[in-house]
Q: 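My questions all concern the structure below.
Worth knowing before you read on, the calculation uses all heavy atoms, side chains too, and leaves out hydrogens, waters and symmetry mates.
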Amino acid sequence: MSVGHYYTFGVFFKPVSADFGWSRTITSFASSIVIFTSGILGLTTGFLTDKYGPRKVVSASGLLMAIGYFLLSRLGTFPGIPVLIQFYLFYLVVGVGMSASSAPLTATVSRWFHEKRGQALGLMTVGGGLGQFLMPPFASYMIFSADWQMAYFVIGVLMAVIIISTAQLLRRDPSAKGLQPYGQQQTTIVTGKPPAPVFTVKQAIHTRTFWIIFIVAALNLITQVMVMMHLVNYATDPGTGISPTIAATFIAVIGFANVIGKLVMGPVSDHIGRKATLAICYTLAGTTMVWLIFARQIWMFYVFSALFGFAYGGWIPMFPAMMADLFGMASIGALTGIIHMGNAIGGAIGPILGGYIFDLTKSYLIAFILGAIVFYVAAALILSVKPPQHKRS
């Protein structure tokens, strides 16, 4: 739910902007607000998770996101506030709530697994892929069977009920139940493999390794979010003319392939390493962007969606797993939160960049070429990562 809701934005895009006469750049800015706010505040929610545990933090996440969607369902009914400002403010509330979902969840799963951490994170983030698979078609159905106001309201109800109730089952780490992380004792005794080095936040951010990962996190979100926010627009524009209902299924296919990518590449990364896995995913994603430039028929969009979704799903679990491998568990929530700040920067740039290029050129060609280049650069950068030198502060 905390991921799937975000990818309904591309489905709401044209109905909402058409009702209020907004350009694509102006409308895209709301998506950038969500991703930027959630990423910037991810540092804070990571610290809060390290200190107070995920149950309270994720419960607050569900409540805030639900409030944001309830407000969006009433967009334009608040006198004295321009409608566009309402749109941005209400998505800001959603973004604040979203900040308290991803970092706490990935940090918590990382704490519970020493062995098979990549596989565990891949399985956990399958939920995001399923949400992306289910939510855009559901939102599209609600919009066209009722209206976009009702669709926003129903999503708000789902956010409140599902996220807040399931958050009550979360525990910060295995010690809360008298257990050790999965495989920790066996790994140390049987293989003699030492535990990961322990870095404080201060120590980690003074390493070159950390900042390369941060830059890569920013780069991948530029194209990822640009595609997710503008794919439906691109597919339904004159020249392709695919129906909005069919175009919404492209996002769903990305979500389904996303699940496969996580299930496959999480375990693969446990064997070949996180760097190699990320490089494979980014190279594949860059190649799919070249394919998208020439996509005009429905089957071509489905091919793009399947391959892009697989690559996109494959890289999602890698970042928290890599952070845990390289910097240890002591500050994993905060460090994951800082990486989400990198995501925030890229995610904020992507939708606006795509919208601006379209408004300027009436085409997404330049945007997709830039997207391919960004992925290829990210692949090269991640291969340059080396284990950080552990220094005492």
Q: Measure the shortest side-chain to side-chain distance between S269 and R274 over non-hydrogen atoms and say whether it is less than 4.5 angstrom.
A: yes
Q: Testing the 3.5 Å rule here: is there a donor-acceptor pair between the side chains of Y302 and T249?
A: yes
Q: Would you mind telling me which of F87, F36, W22, Y88 makes a ring-ring contact (aromatic ring centres under 6.0 Å, His included) with F29?
A: Y88
Q: So, Y6 and S31: side-chain donor and acceptor under 3.5 Å apart, yes or no?
A: yes
Q: Does P54 offer a backbone N or O that forms a donor-acceptor pair with the side chain of T49 under 3.5 Å?
A: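 Answer holds: no.
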Q: Nearest 0.5 angstrom please: S110 OG to F319 CZ, how far?
A: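 Spacing of OG (S110) from CZ (F319) equals 13.5 Å.
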Q: Check the orientation of W299 and W291. Use parallel for under 30°, tilted for 30 to 60°, and perpendicular for over 60°.
A: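 The rings of W299 and W291 stand perpendicular, inter-plane angle above 60°.
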Q: Please indicate whether Y376 has more than 12 foreign heavy atoms, meaning atoms of other residues, nucleotides or ligands, lying under 6.0 Å from its OH.
A: yes
Q: Given M322, which of I382, T277, V216 fulfils the side-chain contact (heavy atoms from CB on, under 4.5 Å) condition?
A: I382
Q: Please work out whether the ring planes of Y91 and F9 are parallel, tilted or perpendicular, with thresholds of 30° and 60°.
A: perpendicular
Q: Step by step, work out the ring pair (Phe, Tyr, Trp, His ring centres under 6.0 Å) result for Y69 and H5.
A: CA-CA 10 Å; Y69 277 101; H5 80 93; 5.5 Å; yes
Q: Say whether, by atom type as modelled, one donor and one acceptor occur between the side chain of N258 and the main chain of G309 under 3.5 angstrom.
A: no
Q: State whether the side chain of T45 and the backbone N or O of S99 hold a donor-acceptor pair below 3.5 Å, judged by distance alone.
A: yes
Q: Starting from L169 and following side-chain heavy-atom contacts under 4.5 Å between hydrophobic residues (I, L, V, M, F, W, Y), which residues can be reached?
A: none
Q: Within the side chain of T8, is there an N or O that forms a donor-acceptor pair under 3.5 Å with the backbone of G4?
A: no
Q: Mind checking whether Y7 and M229 have side chains closer than 4.5 Å, heavy atoms only?
A: yes
Q: To the nearest 0.5 Å, how far apart are CZ in F368 and CD1 in I373?
A: 14.0 Å
Q: Taking side chain as C-beta onward, heavy atoms only, is L72 less than 4.5 Å from F12?
A: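 Result no, sub-4.5 Å side-chain heavy-atom pair not found.
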Q: First locate atom CD1 of I298, then atom OG of S305, and finally report the distance between them rounded to the nearest 0.5 Å.
A: 11.5 Å
Q: If every non-hydrogen atom of F70 is compared with every non-hydrogen atom of V157, which pair is closest and at what distance?
A: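 The pair with the smallest heavy-atom distance is CE2-N, 3.5 Å.
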Q: Tell me if a side-chain donor or acceptor on T288 pairs with a main-chain N or O of A285 at a distance below 3.5 Å.
A: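 Yes; judged by distance alone, with no hydrogens or angles, the pair exists.
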Q: Classify the angle between the aromatic ring planes of F256 and F133 as parallel (below 30°), tilted (30 to 60°) or perpendicular (above 60°).
A: tilted
Q: Say whether, by atom type as modelled, one donor and one acceptor occur between the side chain of S140 and the main chain of P136 under 3.5 angstrom.
A: no
Q: Please check this pair: side chain of Q86 against backbone of I81, looking for a donor-acceptor N/O pair closer than 3.5 Å.
A: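 Pair found, side chain donor or acceptor close to backbone of I81.
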Q: Following the transitive rule for hydrophobic clusters with a side-chain heavy-atom cut-off under 4.5 Å over Ile, Leu, Val, Met, Phe, Trp and Tyr, establish whether Y364 and Y356 coincide in one cluster.
A: no
Q: Starting at CE of M289, measure out to CG of L370 and round the result to the nearest 0.5 Å.
A: 9.5 Å
Q: Does some side-chain heavy atom of L123 sit less than 4.5 Å from a side-chain heavy atom of F113?
A: no
Q: Could you grab the distance from atom OG of S61 to atom CE of M1, nearest 0.5 Å is fine?
A: 10.5 Å
Q: Just verifying a value: how many Å separate L64 CG and L92 CG, rounded to the nearest 0.5 Å?
A: 10.5 Å
Q: Students often mix this up, so state it plainly: with edges at 30° and 60°, are the rings of F199 and F327 parallel, tilted or perpendicular?
A: perpendicular
